[in-house]
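If you read the sequence from its start, that first residue is 1, and numbering goes on from there. Please read all numbers here as calculations on a predicted model, not as lab measurements.
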Amino acid sequence: STLYGGGSGAPLSGLLNIVSLDLAPEFGGSVGLRAGSFSTYGADADVSVPLGANAGLRLSGMVESAESYIDFLSSDRYGIFPTLAVDLTPDTHLVVRARHSHIEQTEYVGLPAEVVIAPDLGVNRFTYIGASDAPRNWIENTHLNASLTHAFTDRISANLSVAYLDSAYEEWGAFTYGQLGPTQFNIGNAFLPSDTQKTFVTASATFGFNTGAVSHTLLIGADYDKTDYFGAMYFNTSIGVVDLALPNPTLPYGPVPPLFFDQVDTLETAALYVQDQIAVGDRLDVTMGLRWTKLDINSVTAGLETDDTAYRLIPRIGVTYRIADGVSLFAGYAEGFQGLVGYGFYGFTPKPETSQAYEAGLKFAAPIKGLTGTVAFYRITRQNVATPNPDNPFLYVQTGEQRAQGFELDLVYEPSSNFSLLASYAFTDAEISEDNALPVGDQLRAVPRHSGRIAARYRFDDATFKGLEIGAGLTAVSSRELTMPNTISVDGSVLFDLQVAYDFGPAALGLSVVNLTDEDAYAPYQYFGLAIVQPVQPLSAFVTLRAEF
């Protein structure tokens, strides 16, 4: 929250760290092929090429085409990810990364929960609803990032990073809108084009110093980001009526529906931040930070223009204490601040979303040989959350407060190089804690109260089976609400999976089996604010062949 809070893509209570591949010191790479159920075919490649003593290029890419267990669905995708690194001087490094990806797929709108929860109605769980002749959805993302780092001394360094993202998509869908009989539904259609450009610049400096027995790593920085968003919705509430009990309940998409609204948003963020990582002896570490953010939002929706400016000072503090070799206590508090873009349903500029997060627990690093993991208790509260309007699922409201709290356990046990055991469990109590539109105490949509996974893997090292690995696991979730207010839920499920891999030297062959017992389960599916579900993937198998050079 200290380093990243405030922008349109900022985290509210945590972040997912995506680590790009670095350049290898020597020429090398890998090639992989993948094939499996539902006519899935794909390939990927990665190569790293030194360019003299002070530069290098790494190029990765992938392509995949697949059909689906859902009638009429198919997808095609490709991506390319180059990286260039240059040592301008022994102390100055430049890294330039790019990502370009393109995905095309048929729009899927799920199944009305009222139908699948009553299985005697005779609706095929893999039925496609809508318009099978609709144009395919597509999304294209292009991202460029350049990072320049210079080390003045072994304890003082500076960084300048610039990033640009262009994201565009077109969505074509036809969906159920209003139940007319046990399996009869009205069908509407929509067309949603969108284009977003984001520019981000950040500059920071790091200073390391000691004050007596206390060691400091001080970070000072400033950043600026700008987001330009365009989106529109073309919407028709009815193109006909279908009976989901029929073998092929689809309708022609028809002409492009009339314009419902369009929207242009501009969001600008300027921020200053400071953070100090403090080491007291060899047992106690403390991280403290402050971030000041100015957020400007301009929104033009259906000709109505609004402007808003918000300021926020958000703190962060974290403490880790090593109580014994391999066991540490940790605790932390952080706040989040995020501007919302693309919510033309409001008719006014939404308020920034805010959050407060508390967490505490234990981290294990081999107190018992081979055991690593985390035990954590947490509480996250979010304000000004955008939720579907209970009176109209196609509109949104921004009101009230949501709270999630619970307990998480993640353990990995590897007593030897042959055997690994993973065990995870999460208890999540996620509910509406304050609101003036939704009932307080209702559970948040699609969040299971209980979830967990157990998986084991065995690697053979004897002469007869050397290179062979076998793994299996199960993933379980409890029931989940589909709407807010809570009116209908989907049952929990237990899904089994299996993996077999064999490394025979020049290449490695792998087999992955999904839903081994072919469980007929459903999962929540997001489509507007409707009570929609999707069948989980049935018994499926996929084979991979990978070679390194």
Side-chain angles (χ1 to χ4, degrees), residues 38 67-75 105-137 171-192 233-255 257 388-395 445-446 477 479-493 495 515 518-540:
F38 319 115
E67 294 182 5
S68 172
Y69 56 94
I70 304 295
D71 296 342
F72 300 113
L73 295 195
S74 64
S75 64
Q105 61 186 36
T106 313
E107 173 84 340
Y108 178 63
V109 299
L111 289 169
E114 303 92 338
V115 172
V116 301
I117 290 175
D120 57 324
L121 295 177
V123 176
N124 185 339
R125 61 197 306 264
F126 303 126
T127 290
Y128 175 85
I129 304 173
S132 58
D133 67 339
R136 298 173 100 196
N137 297 346
E171 182 177 358
W172 303 79
F175 49 89
T176 58
Y177 176 52
Q179 188 172 12
L180 306 176
T183 59
Q184 293 79 39
F185 285 81
N186 177 67
I187 295 289
N189 68 350
F191 166 53
L192 293 86
M233 172 181 271
Y234 296 77
F235 185 69
N236 190 338
T237 58
S238 181
I239 60 173
V241 176
V242 297
D243 188 341
L244 304 189
L246 296 177
N248 180 18
T250 63
L251 292 174
Y253 185 84
N389 188 327
D391 298 322
N392 187 335
F394 299 108
L395 301 180
R445 183 193 176 278
V477 294
S479 63
R480 290 137 292 170
E481 295 292 337
L482 294 174
T483 60
M484 293 189 299
N486 298 160
T487 57
I488 190 169
S489 63
V490 62
D491 291 339
S493 63
L495 303 178
N515 196 357
D518 202 21
E519 179 77 9
D520 290 343
Y522 292 91
Y525 190 76
Q526 179 67 47
Y527 204 85
F528 293 110
L530 304 172
I532 299 294
V533 296
Q534 176 183 14
V536 301
Q537 184 169 323
L539 174 64
S540 313

> Picking from S540, S74, S68, what satisfies side chain to side chain contact (heavy atoms under 4.5 Å, CB included) with F38?
Replying inline: S540
> Just one of L530, I488, L244 clears the side chain to side chain contact (heavy atoms under 4.5 Å, CB included) bar with P112, so which one?
Replying inline: L244
Can you name the closest pair of heavy atoms from [X] and [Y] and give their distance?
X: L111; Y: R125; value: CD1-O, 3.3 Å
X: L121; Y: E114; value: CD1-O, 4.4 Å
X: P257; Y: N189; value: CB-OD1, 3.7 Å
X: A174; Y: A131; value: CB-N, 3.7 Å
X: D518; Y: L539; value: OD1-N, 3.0 Å
X: A113; Y: V533; value: CB-CG1, 4.2 Å

Which value, rounded to the nearest 0.5 Å, describes the distance between [X] atom [atom1] and [Y] atom [atom2]?
X: T250; Y: D71; atom1: OG1; atom2: CG; answer: 9.5 Å
X: N137; Y: E171; atom1: CG; atom2: CD; answer: 5.0 Å
X: I129; Y: N248; atom1: CD1; atom2: CG; answer: 11.5 Å
X: Q534; Y: I70; atom1: CD; atom2: CD1; answer: 6.0 Å
X: Y522; Y: I532; atom1: OH; atom2: CD1; answer: 12.5 Å
X: N186; Y: Q179; atom1: CG; atom2: CD; answer: 11.5 Å

> Considering the options F235, W172, Y253, which one meets the ring pair (Phe, Tyr, Trp, His ring centres under 6.0 Å) requirement together with F191?
Replying inline: W172
> Stepwise, does the side-chain contact (heavy atoms from CB on, under 4.5 Å) test hold for I187 with T176?
Replying inline: CA-CA 5 Å; I187 295 289; T176 58; 3.9 Å; yes
> So, does R480 use its side chain to make a donor-acceptor pair with the main chain of D491 at under 3.5 Å?
Replying inline: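 Yes; judged by distance alone, with no hydrogens or angles, the pair exists.
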> When you measure from the side chain of N486 to the backbone N and O of E481, does any donor-acceptor pair fall under 3.5 Å?
Replying inline: no
> Would you say the side chains of Q184 and D243 form a donor-acceptor pair under 3.5 Å?
Replying inline: yes
>> Set out, in order, the CA-CA distance, both residues' side-chain angles and the distance that settles side-chain contact (heavy atoms from CB on, under 4.5 Å) for Y128 and T106, then state yes or no.
In response: CA-CA 10 Å; Y128 175 85; T106 313; 3.9 Å; yes
>> In terms of relative ring orientation, are Y527 and F175 parallel, tilted or perpendicular, with 30° and 60° separating the classes?
In response: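 Tilted, since the angle between the ring planes falls between 30° and 60°.
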> When the ring planes of Y525 and Y108 are compared, do they come out parallel, tilted or perpendicular, using 30° and 60° as the limits?
Replying inline: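 Perpendicular.
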>> Within the 4.5 Å heavy-atom criterion, are S493 and V477 side-chain neighbours or not?
In response: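 Answer yes - side chains close enough.
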